[in-house]
Protein chains: 2
Amino acid sequence: MVHPQVEELSLPKVLAALADPARLATVRMLAQVGESACGQIQHDAGLEVSKSTMSHHVRILREAGITHSRVQGARRLLTLRRDDLDARFPGLLDAVLRPELAETR
Amino acid sequence: MVHPQVEELSLPKVLAALADPARLATVRMLAQVGESACGQIQHDAGLEVSKSTMSHHVRILREAGITHSRVQGARRLLTLRRDDLDARFPGLLDAVLRPELAETR
DNA sequence: CCCGTAGTTCGACAATCATCAAACAGTTCG
DNA sequence: CGAACTGTTTGATGATTGTCGAACTACGGG
């Protein structure tokens, strides 16, 4: 399971990963709840996509370095890599997560 | 020539527009020089793309609401819509323009 | 009036992307 | 064991994207 290191994070890649409504909603949900499983996020955020699509989005986020996945039993628990993102791109995550931007369209 | 209004700016669209190295370099150049023409930017930023490709990128930036274009003779002068972006997405532009992120890869 | 400069528009093309269903794999629990 | 649950992988498909060259439009200077 690929988890890029902090120094490897690419700004265009991170921006591209965030530039999708479903992924933005996922990130927003993670910012709220801290740690959660794919299916749970999908449900809580009201994402109407198939599980394979959700799996795809989660992978994009992970490979961009935005989230971290750990395996716990049958579930994959995701967390935001807040510290790493803040270290590499200060202010970016905060800007994107501002509550008044909640409509992710 | 399409110039979306502030309230119409969409976060995913803005992020998608910024998620391309050539466009990011364009925005960065505009932040430095203030106002400049497409060809000038392309030259100054060392962008090795055809003029039709450059025209395409400029259009994406404009339609995302990131830049403003005005016609002056045969040239199109671009400016960053700093105030509008700051009003709608506070901190986003600052985060993306941080000098230590200069390598736009 | 013609020529050079500055961009746009129009296909075209290859690459990437978001999406899905189906099959698969690992976990948990009865 | 076997069923239910969680998520990944694998094609497949249609849409979008970045790129180009060529043709076109518009302005400015000799």
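Note on naming: letters A, B, ... go to the chains in the order of the sequence lines (proteins, then strands), and numbering restarts at 1 for each one.
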Nearest-angstrom distance from the residue atom [atom1] of [X] to [atom2] of [N]:
X	N	atom1	atom2	value
A:M54	D:dC5	CE	C1'	16 Å
B:K13	D:dT16	NZ	P	11 Å
A:I60	D:dT9	CD1	P	12 Å
B:D20	C:dA15	CG	C1'	14 Å
A:L61	D:dG7	CG	C1'	15 Å
B:K51	C:dT5	NZ	C1'	8 Å
B:L77	D:dC27	CG	P	14 Å
A:L78	D:dG7	CG	P	8 Å

**Request:** Side chain of A:S52 only, please: which of C:dA21, D:dA23, D:dC20 is the nearest?
**Result:** C:dA21
**Request:** Looking only at non-hydrogen atoms, find the nearest pair between A:P4 and A:R62 and report the distance.
**Result:**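 For A:P4 and A:R62, the tightest heavy-atom pair comes out as CD-O, 3.4 Å.
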**Item:** Selection: residues 37-50 of chain A, any non-hydrogen atom under 4.0 Å of DNA chain D
**Value:**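 DNA chain D contact set from residues 37-50 of chain A: A:A37, A:C38, A:G39.
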**Asked** For DNA chain D, which residues in residues 65-75 of chain A have a heavy atom at a distance below 4.0 Å?
**Response** A:A74, A:R75
**Message:** What verdict does the side chain to side chain contact (heavy atoms under 4.5 Å, CB included) test give for B:L97 and B:L80, after you've listed the backbone C-alpha separation in whole Å, the side-chain angles of each residue and the deciding distance to 0.1 Å?
**Reply:** CA-CA 12 Å; B:L97 288 180; B:L80 259 187; 4.2 Å; yes
Please confirm whether the shortest side-chain N or O distance from [X] to OP1 or OP2 of [N] is below 4.0 Å.
X	N	answer
B:H57	D:dT17	no
A:R59	D:dG7	no
B:H56	C:dT9	no
B:T53	D:dT19	no

**Request:** From the options B:H57, B:E63, B:H56, select the one residue that forms a side-chain hydrogen bond (donor to acceptor under 3.5 Å, both in side chains) with B:R59.
**Result:** B:E63
**Main-chain N/O of B:A22 paired to B:T26 side chain as donor or acceptor, under 3.5 Å** =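 Pair found, side chain donor or acceptor close to backbone of B:A22.
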Does the side chain of [X] reach to within under 4.5 Å of the side chain of [Y], using non-hydrogen atoms?
X	Y	result
B:V58	B:R76	no
B:L92	A:R98	no
A:Q40	A:R75	no

**Prompt:** Does a donor on one side chain sit under 3.5 Å from an acceptor on the other, for B:R81 and B:H68?
**Reply:**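 On atom types as modelled, these side chains do not qualify, holding no pair under 3.5 Å.
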**Fill in**
OG1 (A:T67) and CG (A:D84) are apart, to the nearest 0.5 Å, by 11.5 Å
